[in-house]
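Everything on this sheet refers to the single structure shown next.
Order of the sequence lines fixes the chain letters, A, B, ..., with proteins taken first and strands second; residue numbering starts at 1 for each chain.
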Amino acid sequence: MLAPGLPEVEAHPSHGILATLTPVSDHDLGWLDDLNPSQREAVTHGGGPLLVIAGAGTGKTRTLASRVAYLISQGIPPDRLLLLTFTRRAAEEMLSRAGGVVRHLGPIRERVWGGTFHATANRLLRTYAAVVGLSPEFTVLDQGDAESLMGLLRHDLGLSSRDKRFPRKSTCLAVYSRTVNGSEGLSEVLERCFPWVAGWEEELKPLFRKYVERKQKLNVLDFDDLLLYWKEILSHSDLARQLSGMFDHILVDEYQDTNRVQALILRGMRTGNDNVTVVGDDAQSVYSFRAATVRNILDFPQEFPGTRIVTLEENYRSTMPVLTTANEVIAQARERYTKNLWSNRAGGPRPSLVTCPDEASQDVHVISRVLALYEQGIALRRQAVLFRAAHHSASLEVELARREIPFHKYGGLRFLETAHIKDALAFLRVAENPRDELAWFRVLHLFDGVGPATVSRALAYMAEQIYDPRSIASFPGPSAAHDGFARLGRLFTEISEGLPVPAQVERVRRFYEPHVEKLYDYPRARVRDLESLEQIASGYRSRRSFLADLQLDPPNSTGDLAGAPHKDDDWLVLSTIHSAKGCEWDAVYLIHAADGFLPSDLSTGSRDEIEEELRLTYVALTRAKTHLTVIWPLRYHYRRRELADAHGYAQLCRFFTEDVRATMEQSAAPPLQPVADLETKIEGDHRLDLAQRARAMWE
DNA sequence: ACTAATGTCCTTTTT
DNA sequence: GGACATTAGT
């Protein structure tokens, strides 16, 4: 979380704050002149509900940051503002911008409550845990942990035998999560969103019941629980008034991507006053798989009567040619509330649509365009390659690595999801919450001769020892692990003795390193990762906040961690479209713009799903400031074992209709020179006998 | 009781 | 190429 230390919690009547404040001089508010009239209207709105419909690139971040600054300049104490954003990064950026504007009023970034719904829930629940029957040292399960738990119970209930073909654990969790977040009945969710598992309703119910029971027993919360418990607290009117009273204003970004539970939380958090600002764009709603619903933004004026609506339409990001293409794409949406975007940047190149013979040529083509713009002075960091699914960049990554072009990838598998990091964190989680069986499971599994049966006996033993992690030393486990358990007990003794967090991580690393070397083929990189973890830990004073932060606001790029030591480096951005939300680049390359990739063939079942893929495409296009390239390979190779060299032909993404194409420069990239041709040019004498050299290494 | 090897099915987006 | 159940081996 951004603001350390909880402010005192007490009921606080806060109506009419603005009216009672002394007016400030015009001089202090001179910065408002930099805003356009609509932005200024939003920023200087007094109290009461405000809905800002902000199209892509219309200065949404600036407006929200300015509003925070404005409210503070009007005398609202920063710690009585709550800014809910989609990511931690977004909150940080807005608060540092706001801080820059009202610098004379002191630091605000550390004082404003800012972060995601989930992180804020975590923070509030540490105080209000008792109310919902939790102890405050609860640990948070990330998606992987939650899936593991689901998998365990799935097995326990005898649902896992092959002939049953019961949905896999990740699907079970997805169904559960969707049901919880949408505040809907299981049958409706199954029918509408998971028709292929609808036959398992009678088995899923007891599975979910067990899942809920077990989480409570282990004193752990999953992501959904964070929201659910927050909502639950707010259903008590006294508590709702108390929590609501902590804040004079609440501001929510990306409101189109919030779900039903989040809307209920927002309503509950405004029982004392209705000073609430939400910002969003229904044309950019792309999280319905997480139960987000555009209804939240559409129904906001009914939910908060007297809402003032401000619409931002002038785009400051992109050139008119880019916007023309983007507008033409979103024009295909069935229903839409935001208007077409316009910009006074009339010039610039038309977006290009490039057909490549195959994937390899797509990679080469992207790279050569990137380098050409780089030569013209556009740094790599100001260029981004976007794609629908994380693995779509796989071959490009290989090619970039081969040419030693640095890149950071956003989305997909993250640092924290790698096994060695999860293992290391599991030690700390056990120390923090010894009832967290999932963490115990990971830790104990590392020792020789320990499998599921031993773990389960060990857990029973721990329960007898009133969950003192140090007592693992006296557990009579398999003889092979005897010595290891004794050392593990000593490790827990050490890290429970009030060591600083980085020192704790260091002890864990020392303990765990030999296991890394035994478990993995290339341990060096993984050990380096553990050292990075130590770096991260140095910013934390308590183990609890370190763990919670890592689960809730994980570093979200492959390069974020390595980034610190060589900050000046330049790198190309690779990102899923989802992770690109809210970002902008001078040049954007949308790759794999072929049907089946975009829209994903898993999302073409219903009109609503296709509609969301359309919005996703729109989001991708509107990230570009000046240079926009859409690429698709004509031919794909199948990687099937039986069919060694099979291939198929793709079709252009269906959203690039004739009308859209008319706004673009169309071209076809030439095929790459076949490798066979290169080979024949090499004279026999210069061929390297690799096989011989490989043998020679061992002679 | 645990590990390693084998076979089969599915393969998205994220807090 | 990964996840997961099953089977054979230590």
Would you indicate what A/Tyr287 reaches in the nucleic acid, counting non-hydrogen atoms under 4.0 angstrom: base, sugar-phosphate, or nothing?
-> sugar-phosphate

Assign the ring pair A/Phe300 / A/Tyr255 to parallel, tilted or perpendicular, where the plane angle (0 to 90°) is split at 30° and 60°.
-> perpendicular

note: A/Arg154, atom CZ; C/dA3, atom C1'; distance rounded to Å ~ 10 Å

What's the NZ-C1' distance between A/Lys409 and B/dT13, to the nearest Å?
-> 13 Å

Considering only heavy side-chain atoms of A/Arg168, the closest of B/dT14, C/dA3, B/dT15 is C/dA3

Picking from A/Thr139, A/Asn122, A/Asp145, what satisfies side-chain contact (heavy atoms from CB on, under 4.5 Å) with A/Gln551?
-> A/Asp145

A/Tyr410 atom OH is separated from B/dT15 atom P, nearest whole Å, by 13 Å

Taking the inter-plane angle between the rings of A/Tyr211 and A/Tyr176 on a 0 to 90° scale, is it parallel (under 30°), tilted (30 to 60°) or perpendicular (over 60°)?
-> perpendicular

Strand contacts (DNA chain B) in residues 289-297 of chain A, 4.0 angstrom heavy-atom criterion = A/Phe289, A/Arg290

Looking only at B/dC2, C/dG2, B/dT12, the nucleotide nearest the A/Leu602 side chain is B/dT12

Between B/dT13 (P) and A/Arg615 (CZ): distance, integer Å | 18 Å

Pair A/Lys409-A/Ser393, side-chain donor/acceptor within less than 3.5 Å | yes

Going by the salt bridge (charged side-chain N to carboxylate O under 4.0 Å, His left out) test, name the single residue among A/Arg615, A/Arg334, A/Arg192 that passes it with A/Asp608.
-> A/Arg334

Counting any heavy atom closer than 4.0 Å, what does A/Val286 reach on the DNA or RNA strands: base, sugar-phosphate only, or nothing?
-> nothing

Among B/dT13, B/dC2, C/dG2, the one nearest any side-chain atom of A/Thr576 is B/dT13

Which nucleotide in the list B/dT13, B/dC9, B/dT15 gets nearest to the side chain of A/His578?
-> B/dT13

Does A/Thr454 make a side-chain N or O approach to OP1 or OP2 of B/dA1 shorter than 4.0 Å?
-> no

Does a donor on one side chain sit under 3.5 Å from an acceptor on the other, for A/Glu147 and A/Ser170?
-> no

Of A/Gln143 and A/Asp448, the one whose closest nucleotide on DNA chain B sits nearer the 5' end is A/Asp448

Checking only heavy atoms, does the side chain of A/Ser603 share a donor-acceptor pair with the base of B/dT12 at less than 3.5 Å?
-> yes

Rounded to whole angstroms, how far apart are CG on A/Asn181 and C1' on B/dT15?
-> 9 Å

Out of B/dT12, B/dT15, B/dA1, which has the shortest distance to the side chain of A/Ala453?
-> B/dA1

Between B/dT13 (P) and A/Phe597 (CZ): distance, integer Å = 13 Å

What integer number of Å spans the C1' atoms of C/dA5 and B/dT12?
-> 25 Å

If we take the C1' atom in both C/dC4 and B/dT13, what is their distance in whole Å?
-> 23 Å

With side-chain hydrogen bond (donor to acceptor under 3.5 Å, both in side chains) as the test, would you mind laying out the steps for A/Asn181 and A/Ser177 before giving the verdict?
-> CA-CA 6 Å; A/Asn181 280 303; A/Ser177 181; 3.2 Å; yes

Of the candidates B/dT14, B/dT12, C/dA5, the side chain of A/Ser600 sits closest to B/dT12

Result for 5'-nearest mapping on DNA chain B, choosing between A/Gly449 and A/Phe223, is A/Gly449

Is A/Lys169 near enough to C/dA3 that one of its side-chain N or O atoms lies under 4.0 angstrom from OP1 or OP2?
-> no

Are A/Glu93 and A/Arg89 within salt-bridge range, i.e. N to O under 4.0 Å?
-> no

Measure from the side-chain heavy atoms of A/Arg388 and tell me the nearest of B/dT15, C/dC4, B/dT12.
-> B/dT12

Using atom CD of A/Glu147 as one end and atom P of C/dA3 as the other, report the distance to the nearest whole Å.
-> 10 Å

Rounded to whole angstroms, how far apart are CG on A/Asp601 and C1' on B/dC10?
-> 12 Å

Pairing of A/Glu437 and A/Arg214 as salt bridge, 4.0 angstrom limit = yes

